[in-house]
Amino acid sequence: MSRIDALKGFLSDDPADSFSRYALALEYIKIDRFGDAVGEFESIVRNDPDYLATYYQLGKAYEHEDSTTEAEQTYRTGIEVASRAGDAHARDELQEALSLLLGT
């Protein structure tokens, strides 16, 4: 059984499991299925908006899909979530990704 199949199995048992959904999205990235990864990350953002790690990875996936506007908005939202959570490391990482995206 592949990791993707195993993670899908976990999600069939618990569709709200953000950790398994995040892991599934990362597996999709490993095999260049960025569209599928975006779908999984977007599901996390909708259902668990405080799952902070999602914003960086979703922004990068959008970049791979040439969706610059979506990447920018995702990084900005992630910066807000990280600031509210008091996570300076994540905030700085997202700010750097945004700066690189915008060329600033």
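Given the structure is predicted, the values throughout are model-derived calculations rather than measurements.
- The distance from atom CG of L58 to atom CD of E70, rounded to the nearest 0.5 Å, is 9.5 Å.
- For Y51 and Y22, the distance between ring centers is under 6.0 angstrom.
- Between V38 and A61, the shortest heavy-atom contact is CG2-CB, 3.6 Å.
- Taking OG1 from T68 and CG from L102, the interatomic distance works out to 9.0 Å, rounded to the nearest 0.5 Å.
- For D5 against S2, the heavy-atom pair with the smallest separation is N-OG, 3.0 Å.
- The closest side-chain donor-acceptor pair between E63 and Y75 falls under 3.5 angstrom.
- Counting non-hydrogen atoms of neighbouring residues, nucleotides and ligands closer than 6.0 angstrom, the CD atom of E65 exceeds 12 such neighbours.
- Applying the salt bridge (charged side-chain N to carboxylate O under 4.0 Å, His left out) test to every pair with at least one member in residues 36-46, sequence neighbours left out, gives these pairs: R21-E40, R33-D36.
- Atom-to-atom distance recorded for Q73:CD and T77:OG1 is 4.0 Å, nearest 0.5 angstrom.
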Let's go through K8 and I4 carefully: what are the C-alpha distance in whole Å and the side-chain angles of both, what is the deciding distance for side-chain contact (heavy atoms from CB on, under 4.5 Å) to 0.1 Å, and is it a yes or a no? CA-CA 6 Å; K8 285 182 175 181; I4 289 175; 3.9 Å; yes
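- Scanning for salt bridge (Lys or Arg N to Asp or Glu O under 4.0 Å) contacts around R76 gives E72, with sequence neighbours left out.
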Do any side-chain atoms of residues 81-93 form donor-acceptor pairs under 3.5 angstrom with protein atoms, and if so which ones, sequence neighbours left out?
unit_1	atom_1	unit_2	atom_2	d
S83	OG	I79	O	2.9
D87	OD1	H89	N	3.3
D87	OD1	A90	N	2.9

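- Transitive grouping of hydrophobic side chains (ILVMFWY, heavy atoms separated by less than 4.5 Å) brings F34 and Y55 into a common cluster.
- When all heavy atoms of A97 and Y56 are compared, the closest pair comes out as CB-CE1, 3.9 Å.
- Linking ILVMFWY residues whenever their side-chain heavy atoms come closer than 4.5 Å, directly or via other members, places L26 and L94 in the same cluster.
- Using modelled atom types, one side-chain atom of S99 and one backbone atom of Q95 make a donor-acceptor pair closer than 3.5 Å.
- Among I44, D17, L11, the one residue that satisfies the side-chain contact (heavy atoms from CB on, under 4.5 Å) test with L24 is L11.
- Annotation: F10, atom CZ; neighbour count of heavy atoms from other residues, nucleotides and ligands within 6.0 Å does not exceed 12.
- Of all heavy-atom pairs spanning I29 and A37, the tightest one is CG1-CB, 3.7 Å.
- Closest of all the heavy-atom pairs between F41 and T54 is O-CG2, 3.6 Å.
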